[in-house]
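As structure tokens, the structure follows; a few thoughts come after it.
Since the model is a prediction, treat every value here as computed from it, not as a measurement.
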Amino acid sequence: MPTRTEGSAPPGDRVVWADVAKGACVVLVVLWHVVVKDYLRIDWQVGLPVPGAWGLLGEQLLPLRMPLFFAISGIFAANAVARPWRVSGRPRIARNLYLYAIWLLIHTTVLALAPGFPTDRATSPGELLAQLTVTPSNLWYLYALALYFALAKALRRVHPAVLLTAAGALSAVAATGLLDSPGNRGQVYQNLVFFLAGVHLKPYLTRWADGVSTRRLAAAGAAYAIGLAAMALAGAQSWPGVYLLVSVAAVAFGLTAAARLARHRLAGPALARLGRRTLPIYVIHMPVLALLDRLLAEPVAGLGGPARALLVTVYPVVLTALVLALSLAAHRGLTALGARRLFDLPRRRAHSNPEGETMPRIDAPALPARTQVEEAARVLSGRVVRTPVLHSPAIDRLACARILLKAENLQDGGSYKMRGAMLAVGRLAAAGHTGVVAQSTGNHAVAVALAARRHGLAATVVLPVDAAPVKVDRARAAGARVVRAGTTVEERLAVARRIAEVEGHPLVDAYDHPDVVAGQGSASLELIEEAARRGTPLDALVVPVGGGGGIAGACLAAAGTPIEVYGVEPVGCDSLARSLAAGRPTPVAPAPSLADGLRPGCVGDLPFAVARTAVRGVVRVDDDAIVEAFRLLLLDLKVLVEPSGAAGLAGALRLGEVAGPGGGAVTAAGPGDVGGTPWPSGGGRRRTVGVVLTGGNVEADLVARLAGDRMTAGVAA
């Protein structure tokens, strides 16, 4: 979904309210089924109108539940509608039809064991065939999602006003009962307009929800209530267009209420988490309810005294909560047993990439090029912060060059990792995935968690046991499930791969992924463009190196230009430098370093393939150089970066020392030196060097420790 730009309200809240709406819809659907299929069939024998009140409440929510569900579904499908059939057809059409067919067979089999349970099920091969084709069963929403998406995509060049008018007319006529609509076919007719509204009116619906206020909530609620009352008093439900108008008012109220609930400290997160796991509830809850009805109906009917009076009031709520919990538990049990095919399409013949993400052989990515970085920049425009470029004359003097600093420490999530994560997760969401898994020392995990929240996906991130608390807290605050595992990348990968396998979610690698490389490269591309706009085009780019995604992206962004690209690695964590010397990715045993984000054991295969012929050299810097750069940024520019982010400036300063004021190319070797050559002076002209400050997620006590001596000295002076 679209995300906020710089200076807006907290990022990700648009998806939070959408998840809240999805969670509320599934609760209301289960509650309705509890009431009509169990609760109202119990002879409560109490002199209270409570059962009737529950039935009436359920009926008043009919115009809200499924119209809101399909409007939200359309919002989430809006981007996928514009994608090619071969990309979107499998996850959006084939997957839903597959799930509809397999769960229809399961329901037919299981519910045959409860013949007294009142639900629509086939009792003959002919009825089953009809339900599979033209008369959808109580799983009709899966059938409808596939059909609606196919129609939205096939007709996407038709003007939205024409589409919505035609779909609205179909809904209005279907509500009158004039169309033949056995089973749930009438629901399919009536709700198409809301899915198409989500697809084509997505910007307006999101702006409506973003502008929530108490006054708007009250007005929307009043409009919905007045519409219900007028329809009931006039007996106008079957009048053409009346039920549709009431449903429109209900959706407006539902969007507003969801946006308001998303801000609630308890209800918002709970409903959002539920909203990310609606599929298993929708497909499992009916058999679960049938079982509970068989087990509980008679004992409950036999209760007497105060227990009956209390239970008649709270029974629908208690049973709804129980059905939800048991459905989710059944889903966890089935996936743990390897029954993932009950919840997703069987995977095509696939291979695993080095980080465990499964992908079809036919879709194996080619080596990315500059065009992918340019495309990534276009996709990410408005979805990530276009961070400022900073300049300091004092730093220029120290570096013997004009230094332009790309402040990615001010990026959403606190690092440039947000760029690659947004691109990769967004494409996975468009492909129909419902969750992602990631592992990193921190920044990539935070970025994936935020990107997953914005796109409505569940996220599990694996962090080391000694991860910086600020990064752990940020990942959790973004809604991710955080798993702590080991201290090495191998340990984290093993855990992440197991989680991805069990949950059936792809693993978004921190650097060995083409979308991540292209996304990271957009930061360097913006820096190149900004330098040119200022009339000081870059001669060199300096980027810190961990797994290599950032420097690979920088190489792609600089391709076809005279810009030289340099990497910076901590001493003892110099996998790229050693890999370039060896001609292949070469692992190292990372030495201790303040730059915790630059300590992967080996540069990624994909980044190395990009960088091996494009990197001019690698600078090795020690902790003292990193601390000096950290203090310089903090005291001179008032910019707070983490040590890994300061490493880029430390490398640029080291290159300036080697080049010296008089310039000249110097070939250096050995730990702590430049592998390759620094920028030459260009006949006396001061070179312009871009430096990417990659992140700013740093602990307060570390800031105090690193800055303390210099600050104390400054005060004394």
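Between the side chain of Arg484 and the backbone N or O of Pro464 there is at least one donor-acceptor pair closer than 3.5 Å. The main-chain N or O of Gly435 is never found under 3.5 Å from a side-chain atom of His433 such that the two would form a donor-acceptor pair. Under the 3.5 Å distance criterion, the side-chain polar atoms of Lys406 are left unmatched by any main-chain donor or acceptor of Gly690. Using modelled atom types, one side-chain atom of Gln411 and one backbone atom of Val385 make a donor-acceptor pair closer than 3.5 Å. Checked by atom type and distance alone, the side chain of Asp622 pairs as donor or acceptor with a backbone atom of Ala625 at under 3.5 Å. Of the possible donor and acceptor atoms, one in the side chain of Ser575 sits under 3.5 Å from a partner among the backbone N and O of Thr586. Judged by distance alone, the side chain of Glu491 and the main-chain N or O of Ala485 form no donor-acceptor pair under 3.5 Å. Side chain of Ser381 to main chain of Arg378: no donor-acceptor pair is present (N/O by atom type, distance under 3.5 Å, no hydrogens or angles). For Asp19 (side chain) and Arg276 (main-chain N/O), no donor-acceptor pair under 3.5 Å exists by modelled atom type. The closest donor-acceptor contact from the side chain of Asn409 to the backbone of Leu640 lies under 3.5 Å.
Put simply, the side chain of Leu556 reaches to within 4.5 Å of the side chain of Val517, judged on heavy atoms. Between Ile528 and Thr561 the shortest side-chain heavy-atom distance does not fall below 4.5 Å. The shortest distance between side-chain heavy atoms of Leu706 and Leu594 falls below 4.5 Å. At least one side-chain heavy atom of Leu404 sits less than 4.5 Å from a side-chain heavy atom of Leu538. Side-chain contact between Leu463 and Thr441 is absent, with no heavy atoms from C-beta onward closer than 4.5 Å. Taking the side chain as every heavy atom from C-beta outward, Leu606 and Pro514 approach each other to under 4.5 Å. In this structure, Val470 and Val698 have side chains that are not in contact, with every pair of non-hydrogen atoms separated by 4.5 Å or more. Put simply, the side chain of Val462 does not reach to within 4.5 Å of the side chain of Leu493, judged on heavy atoms.
For Val446, the side chain to side chain contact (heavy atoms under 4.5 Å, CB included) partners two or more places apart in sequence, or in a different chain, are Leu450, Lys471, Arg474, Ala475. Residues passing the side chain to side chain contact (heavy atoms under 4.5 Å, CB included) test with Leu398 are Leu632, Leu653, sequence neighbours excluded.
Under 3.5 Å, the side chains of Glu375 and Gln372 contain no donor-acceptor pair of N or O atoms. For Glu374 and Thr371, the side-chain atoms include no donor-acceptor pair closer than 3.5 Å. Residues His444 and Asp509 have side chains that never bring a donor and an acceptor to within less than 3.5 angstrom of each other. Judged purely by distance below 3.5 Å, without hydrogens or angles, the side chains of Asp466 and Thr487 never pair a donor atom with an acceptor atom. No hydrogens or angles considered: nothing links the side chains of Ser593 and Arg599 as a donor-acceptor pair under 3.5 Å. In the model, Thr694 has no side-chain atom that pairs as donor or acceptor with a side-chain atom of Glu408 under 3.5 Å.
In summary, of the residues considered (His391, Arg402, Arg686), a side chain to side chain donor-acceptor pair (under 3.5 Å) with Asp396 occurs for His391 alone.
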Could you please spell out the steps behind the salt bridge (Lys or Arg N to Asp or Glu O under 4.0 Å) verdict for Glu530 and Arg534?
-> CA-CA 6 Å; Glu530 177 63 17; Arg534 295 184 181 189; 2.9 Å; yes
Should Val639 and Leu634 be marked as a side chain to side chain contact (heavy atoms under 4.5 Å, CB included) after you check the CA-CA gap, both sets of side-chain angles, and the distance that decides it?
-> CA-CA 5 Å; Val639 170; Leu634 184 62; over 6 Å; no
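Between Glu526 and Arg419, at least one side-chain nitrogen of the basic residue sits less than 4.0 Å from a carboxylate oxygen of the acidic one, meeting the salt-bridge criterion.
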